[in-house]
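This report concerns only the one structure given below.
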Amino acid sequence: MQLQVMNSPFNHEQAELLNSLLPSLTETQKIWLSGYLTGSLSISNIGIAGAPVMEDLGNGRTFSKDITILYGSQTGNAQGLAENAARKLEENGFQVAISSMNDFKVNNLKKVQNLLITVSTHGEGDPPDNTLSFHEYLHGRRAPSLEGLRFSVLALGDSSYEFFCETGKQFDKRLEELGGTRLFPRMDCDLDYDEPAAEWLEGVISSLSEAQDSTGAAVPVAIPSVGEKTYSRTNPFKAEVLENINLNGRGSNKETHHLELSLEGSGLTFEPGDSLGIYPKNDSDLVDMLLLELNLDPEETVKVNKQGELRQLRESLISNFEITVLTKSLLEQAVQLSGNEDLKEILLPGNEERLKEYREGRDLLDFIRDFGSWGESAQEFVSILRKMPARLYSIANSSSAYPDEVHLTIGAVRYESHGRQRQGVCSILCADRIRPGDMLPVYIQHNQNFKQPKNPDTPIIMVGPGTGIAPFRSFIQDREETEAKGKTWLFFGDQHFVTDFLYQTEWQKWLKTGVLTKMDVAFSRDEAEKVYVQNRMLEHSRELYEWLQQGAAVYICGDEKNMAHDVHNTLIEIIEKEGQVSHAAAQAYLDEMQQTKRYQRDVY
């Protein structure tokens with residue numbers, strides 16, 4: 001018998017919606033919905049129209065059930081963790097407002113009672129682009145007193161950089177300085193952030209629940225959560241390699257590979273601007289040299305994770321652990337286990353520059369040769385190694401143009417350092433050891449901070465030298481499929497026109513059909529004086545400024561330390577010159593573009 005909503009307190013339209021929904025629900029979905037409604041009914045005083053949700057504790061005391069979550073994210077990791085925290089908190093009866101820091105109205109900060117921050121650190125200790133205005137406000141003179149604020153910070157970073165989790169540390173310190181109190185201690189996460197992030201969220205929810213319980217308020221009722229997607233960062237999909245093509249011509253100094261992978265059957269989806277994460281494997285020759293130096297049995301079994309999964313030592317060093325980067329944390333743990341006096345000296349306070357110089361360009365094999373091993377067994381040795389981090393690559397195709405496929409543009413990294421040849425872990429795996437038919441463990445990294453304008457008529461300016469061209473191939477493919485009408489202008493650069501013009505025939509086709517309106521190129525080694533993309537931008541400064549005045553959005557992808565920094569300064573120079581304004585006003589113009597998402601960067 002089909003259930004129908006009749007003689008109910010619902011109006012006609014609501015009853016129609018319920019009658020159309022209920023027959024389509026599975027038993028599991030009905031049980032979940034029942035639990036949700038039961039949980040929501042047990043929580044008193046649910047706020048309406050954005051009003052604060054308060055528990056009346058008597059004697060004039062109240063407890064706010066409103067949680068504000070602010071995130072600062074460059075690649076999407078911190079945003080994803082913020083969204084997950086919001087879901088879990090809502091399941092536990094809290095009312096959550098979530099926002100990127102740049103979208104948050106700073107005047108509302110004084111009204112916030114419970115604040116959670118998830119933020120990554122970008123480059124050498126810099127805040128992500130979408131935190132800049134909030135970061136400046138909070139650390140400026142206009143920042144308000146935050147007495148009564150309860151907060152907690154989840155900081156993301158990469159311990160191979162000197163200023164690990166620096167942005168999160170800055171927010172944590174500043175919120176305390178302004179009078180806030182921690183509801184749970186700051187958690188600093190390395191690239192393998194899943195477990196510590198889960199621990200942080202559990203601690204936050206426990207602290208909030210204990211606060212309510214201790215004041216006599218109702219403890220939230222946990223609501224069953226819907227399971228995550230089958231394939232994710234923690235459960236990657238094994239994608240088949242369809243194509244692996246070297247894009248550079250004979251005689252090039254570079255080796256750039258175009259990979260095409262199949263996502264068929266994965267259920268994974270993506271948009272232009274998203275990235276693909278690949279879990280690579282270390283070079284087996286490097287692992288064998290390391291094992292020889294360690295004098296350990298390659299077949300000895302070791303645990304590779306907290307779940308107790310067992311693998312032979314050699315296979316674990318190939319697949320599970322990072323061996324090509326020396327982090328400060330690794331060295332600090334190694335000296336505790338080994339007691340090496342020379343290593344102790346390098347790690348002494350005041351020797352930061354010496355430590356930085358030693359770590360630069362060296363790997364675990366260098367370290368073992370210089371200072372010896374640590375621990376008395378293979379298990380003790382691997383116990384302090386960092387898990388193998390995934391490598392992120394900008395997706396170079398539109399799913400509309402190539403359904404169930406993902407394309408990547410990967411530059412092979414090879415160099416010499418300290419008398420040895422070195423190579424990029426993932427880039428050389430893809431360049432030398434991956435063939436069509438092989439499998440790669442992958443996941444989609446969504447990035448809402450690098451997206452095309454919602455209005456397809458908005459002009460866009462794209463700056464992507466080298467492998468930075470990848471997301472713009474995706475942009476243009478997508479605009480071709482959707483027949484977007486907005487003008488498009490691409491700046492591309494590399495070393496030589498003849499050998500390094502990546503995807504040349506495709507750009508020429510799109511120029512001919514009009515999907516790509518303009519393209520300017522800079523090949524630095526073809527002329528006596530090197531020319532880069534920023535030089536081409538300056539050559540067209542008047543037209544570029546006119547595009548900006550017409551509302552064009554600007555996108556930059558590629559090297560952060562040099563190219564992105566130079567292009568940023570060039571944009572300010574163009575605005576200053578063509579707009580006939582001061583340097584400060586030009587900077588403010590670009591800041592406003594960033595705030596309104598008309599200036600976005602995908603830099604590394």
Side-chain angles (χ1 to χ4, degrees), residues 77 81 154 156-160 164-165 187-203 227-228 230-238 277-340 343 363-369 371-391 425-426 429 433 439-443:
N77 287 333
L81 290 171
L154 180 67
L156 274 63
D158 181 344
S159 61
S160 66
F164 175 56
C165 289
M187 183 75 76
D188 295 339
C189 302
D190 207 343
L191 297 178
D192 182 37
Y193 57 74
D194 298 283
E195 290 181 358
E199 181 184 340
W200 172 80
L201 182 55
E202 182 180 345
E228 294 183 358
T230 303
Y231 296 109
S232 64
R233 184 177 183 274
T234 54
N235 182 33
F237 173 71
K238 291 185 178 180
I278 298 178
Y279 284 103
K281 290 187 176 183
N282 287 309
D283 179 15
S284 60
D285 290 341
L286 177 61
V287 169
D288 288 339
M289 286 191 288
L290 182 60
L291 286 168
L292 186 63
E293 204 70 34
L294 290 167
N295 195 29
L296 291 172
D297 180 3
E299 297 183 1
E300 184 175 347
T301 302
V302 295
K303 293 180 181 179
V304 296
N305 54 35
K306 290 185 178 180
Q307 288 71 43
E309 182 184 349
L310 299 175
R311 280 195 173 183
Q312 290 185 341
L313 176 61
R314 182 176 185 272
E315 179 56 32
S316 76
L317 292 175
I318 290 174
S319 303
N320 296 93
F321 298 110
E322 183 174 63
I323 63 173
T324 59
V325 175
L326 296 178
T327 68
K328 184 180 179 181
S329 174
L330 172 67
L331 271 57
E332 288 173 339
Q333 293 179 79
V335 78
Q336 290 179 3
L337 289 171
S338 69
N340 187 290
L343 182 56
D363 61 16
L364 193 57
L365 178 59
D366 296 311
F367 179 85
I368 299 300
R369 287 174 173 175
F371 298 105
S373 184
W374 58 82
E376 297 181 355
S377 66
Q379 187 63 59
E380 280 191 292
F381 175 74
V382 302
S383 67
I384 66 172
L385 297 181
R386 188 163 73 163
K387 289 183 180 178
M388 174 72 80
R391 271 56 172 182
V425 176
C426 193
L429 168 69
R433 307 198 298 275
M439 299 292 188
L440 284 175
V442 304
Y443 65 94

- Item | Heavy-atom side-chain proximity of L385 to L364 below 4.5 angstrom | yes
- Message: Quick one: does any side-chain atom of Q312 pair with a main-chain N or O of P298 as donor and acceptor, under 3.5 Å?
- Response: no
- Task: List for me each residue that meets salt bridge (Lys or Arg N to Asp or Glu O under 4.0 Å) alongside R433, sequence neighbours excluded, and say none if there are none.
- Result: none
- Task: Would you check if Y279 and K387 make a side-chain contact, meaning some heavy-atom pair closer than 4.5 Å?
- Result: no
- May I ask you to decide if Y193's main-chain N or O and D190's side chain share a donor-acceptor pair within less than 3.5 Å? no
Considering only distance and modelled atom types, tabulate donor-acceptor pairs under 3.5 Å from the side chains of residues 318-327, sequence neighbours left out.
{"residue": "S319", "atom": "OG", "partner": "E315", "partner atom": "OE2", "Å": "2.5"}
{"residue": "N320", "atom": "OD1", "partner": "R311", "partner atom": "NH1", "Å": "3.1"}
{"residue": "E322", "atom": "OE1", "partner": "R386", "partner atom": "NE", "Å": "2.8"}
{"residue": "E322", "atom": "OE1", "partner": "R386", "partner atom": "NH2", "Å": "2.7"}
{"residue": "E322", "atom": "OE2", "partner": "R386", "partner atom": "NH2", "Å": "3.3"}
{"residue": "T327", "atom": "OG1", "partner": "L330", "partner atom": "N", "Å": "3.0"}

- Query: With sequence neighbours left out, which residue pairs that include part of residues 280-296 fulfil the side-chain hydrogen bond (donor to acceptor under 3.5 Å, both in side chains) condition?
  - Reply: D283-Q423, D288-R314, E293-R369
- Query: Do Q333 and S329 have a side chain donor and acceptor closer than 3.5 Å?
  - Reply: yes
- If we only count heavy atoms from C-beta on, is the L81 to W200 side-chain gap below 4.5 Å? no
- Query: Passes side-chain contact (heavy atoms from CB on, under 4.5 Å), K238 versus L440? Steps please.
  - Reply: CA-CA 5 Å; K238 291 185 178 180; L440 284 175; over 6 Å; no
- Message: Whether the side chain of D297 engages the backbone of E299 through a donor-acceptor N/O pair (distance < 3.5 Å, no angle test) should be reported.
- Response: yes
- Looking at side-chain heavy atoms only, is the closest gap between L343 and F367 below 4.5 Å? yes
- Message: I'd like to check V302 versus F381 (side-chain heavy atoms, cut-off strictly below 4.5 Å). Are they in contact?
- Response: no
- Does any non-hydrogen side-chain atom of T234 lie less than 4.5 Å from one of Y443? no
